[in-house]
Amino acid sequence: MKAKVLVIGANGQLGTVLVKELQHHHGLDNVVATDIKKAHNFKETFEVLDATNRIGLTEVVTKYGITQIYHLAAILSAKGEENPLGTWDLNMRMLFNVLEVARIHELDKVFFPSSIAVFGEDAPWVNTPNNAFLNPATVYGMSKAAGEQWAQYYFIRYGLDVRSLRYPGVIGYQSLPGGGTTDYAVDIFHKAVLEEEFVCFLNEDTTLPMIFMDDAIRATMELMEAPKENIKIRTAYNLAGSSFSPEDIVAEIRNYYPEFKVKYEPDFRQDIAARWPKSINDVEASLDWGWKPEYDLERIVRTMVQKLKEQYIPHE
Ligand code: VAH
């Protein structure tokens with residue numbers, strides 16, 4: 001039977017790009033994009049949906065005969081610290097609604113994005129393994145670590161095929177991030193191409209696991225399209241792209257913009273980043289469903305500069 005895919009959080013950094021990939025894969029008419037408000041000029045089917053409203057979610061699932069849900073809505077690490085209890089309530093309530101509606105309506109698959117934010121100070125800092133001890137220091141990280149356990153529970157208890165990836169910081173030219181600690185790694189490129197000074201809210205030497213958007217989207221599709229029996233980890237798979245620091249990005253950008261100016265003014269987000277791993281071991285993703293990243297820092301910078309120049313200076 002043809003898949004009918006619902007995307008929750010279609011206007012987000014990942015959602016904006018994933019909707020297009022899902023349309024390409026499943027067909028334009030087989031993807032229903034939803035978010036809390038209509039922001040893009042979506043050509044495809046769009047519904048305004050607040051995923052904290054289980055009745056509203058149920059109505060969309062039954063109206064379109066949905067068979068898969070990609071649940072991409074969440075309050076991220078930095079914004080989440082402004083209202084800890086509200087972030088926990090919102091992130092968990094949305095996930096419970098998705099899991100319950102998927103169970104009751106016997107959906108084929110659910111994608112739940114996790115994050116390297118699930119790791120805290122008791123995980124190895126370098127080459128962090130999938131089975132490292134999780135003691136996240138942000139509410140966002142806590143909600144993702146708990147979400148992974150709930151995903152595994154719904155698989156074990158109800159047989160629901162929930163799959164998850166621990167995304168690193170995602171860098172893309174197609175959309176802007178919002179409320180994250182890794183958002184600097186997108187904003188820096190916009191400032192460089194506009195030849196404006198960039199003020200970085202992390203220390204120059206803060207190395208973090210990052211991934212290019214195209215790799216993140218391909219990993220998501222490869223995970224979700226893998227045969228069910230290949231998926232051995234039902235909490236979440238580590239996913240690695242490449243790890244680098246703000247000063248690494250700046251040095252690479254200066255190959256294109258030698259005069260690019262940067263100031264470092266670390267804020268509370270430095271404390272969040274300082275508790276995250278520097279690099280991730282994703283051997284299980286490679287072994288179970290053949291994961292292999294294609295973008296290193298040099299290719300990321302080259303692509304970001306090229307694509308943003310096309311956006312900002314189309315006639316050059
Ligand atoms: C954040 N972009 O900064 C997200 C991500 C690993 C970081 O989860 O909160």
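Atoms within each ligand, like the ligands themselves, are counted from 1 in listed order. Throughout, numbering of the chain's residues begins at 1 and tracks the sequence. Source: prediction; values computed, not measured.
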Looking at Lys109, I want to see if its NZ is surrounded by more than 12 non-hydrogen atoms of other residues, nucleotides or ligands under 6.0 Å.
yes
Under 4.0 Å from any heavy atom of Tyr140, which atoms of ligand 1 are there?
5 (C), 8 (O), 9 (O)
With no hydrogens and no angle check, just 3.5 Å: does a side-chain donor-acceptor pair link Gln306 and Glu310?
yes
Identify the two heavy atoms, one from Tyr140 and one from Ser143, that lie closest to each other, and give their separation to 0.1 Å.
O-OG, 2.7 Å
Those atoms of ligand 1 less than 4.0 Å from some heavy atom in Gly180:
1 (C), 3 (O), 9 (O)
As a check for students: among Ser115, Pro113, Gly178, identify the option with a heavy atom nearest to atom 8 (O) of ligand 1.
Ser115
among protein heavy atoms, the one nearest atom 1 (C) of ligand 1 is Ser77 OG, 3.4 Å
Can you find a side-chain donor-acceptor pair between Gln68 and Asn30 that sits under 3.5 Å?
no
Any luck finding a side-chain donor-acceptor pair between Tyr167 and Thr220 under 3.5 Å?
yes
Which residue holds the protein heavy atom closest to atom 3 (O) of ligand 1, what is that atom called, and what is the gap in Å?
Thr181 N, 2.7 Å
Residue pair Tyr64 / Glu47, side-chain donor-acceptor N/O under 3.5 Å
yes
I need the atoms of ligand 1 closer than 4.0 Å to a non-hydrogen atom of Ile116, numbered in the order shown.
6 (C)
Ignoring angles and geometry beyond distance, decide whether Thr182 reaches within less than 3.5 Å of ligand 1 through its nitrogen or oxygen atoms.
yes
Looking at Leu76, which atoms of ligand 1 are within less than 4.0 Å of one of its heavy atoms?
9 (O)
Determine, using ring centers only, whether Tyr173 and His190 are less than 6.0 Å apart.
no
So is Asp183 polar-close to ligand 1, meaning N/O to N/O under 3.5 Å?
no
Min N/O separation Trp276 to ligand 1 under 3.5 Å
no
